[in-house]
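Counting starts at 1 for both ligands and their atoms, in listed order.
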Amino acid sequence: MKFSKIKDNDIANGIGITMSLWTQGCPHHCKGCFNSETWDFKGGKEFTNNDLQYIFDNIDKNNIQRNLSVLGGEPLCSQNIDGVIDLCKEFKKNYPEKIIYLWTGYVFEQFNELQVEVLKYIDVLIDGKFEEEKRNLSIMLRGSSNQRIIDVKNSLINNNVIIYKL
Ligand code: SF4
């Protein structure tokens, strides 16, 4: 998995404060994307155990409680997904009470087998590509109104998409 940056005290991508990781590489190329520097699969850096340790070392630094957000780029494309699964699995093993938010351009109902695997570890999924004609900057955690904030645990239990209550 490659990533472009890690932000320690992010207040824009989750509820409260998060450690946020932007993966590198995106196959979707949505028109009007605000993050096109993350498209290039040749850019960014390989995510290593040192980066994982950095997240763990900072997750509760100075007694500030942080959750984890995984953004892109595209975390769930074939180039990044194995590393994202490993990250989310390891994170939940160490911090089962913390929330993992994940943004993807793919749509929940069309996930492949590996993409379904990541759902075991995350809590909140924001799905769907950015659609410029549906751009709306007043809706929380999303850039366009087609995107959904999904309660992953409840959706898996009900075998149907359940929207996350903010
Ligand atoms: S999925 Fe996200 S990062 Fe990729 S092109 Fe669309 S808006 Fe940009």
>> Main chain of Phe41, side chain of Lys2: is a donor-acceptor contact present, judged purely on distance under 3.5 Å?
In response: yes
> Hey, is the main chain of Gly72 close enough, under 3.5 Å, to the side chain of Asn35 for a donor-acceptor pair?
Replying inline: yes
> Can you check whether Gly105's main-chain N or O pairs, donor with acceptor, with Glu74's side chain at less than 3.5 Å?
Replying inline: yes
> Are the side chain of Asp127 and the backbone N or O of Phe108 linked by a donor-acceptor pair below 3.5 Å?
Replying inline: yes
>> Regarding Glu90 and Lys93, does a basic nitrogen lie under 4.0 Å from an acidic carboxylate oxygen?
In response: yes
> What atoms of ligand 1 come closer than 4.0 angstrom to any heavy atom of Gly73?
Replying inline: 3 (S)
> Do Tyr101 side-chain atoms and Ile15 backbone N/O form a donor-acceptor pair below 3.5 Å?
Replying inline: yes
> So is Trp103 close enough to ligand 1, meaning a heavy atom under 4.0 angstrom away?
Replying inline: no
>> Donor-acceptor check, side chain of Arg66 to backbone of Asp8, threshold 3.5 angstrom: yes or no?
In response: yes
> Around atom 6 (Fe) of ligand 1, how many protein N, O or S atoms are closer than 2.8 Å?
Replying inline: 1
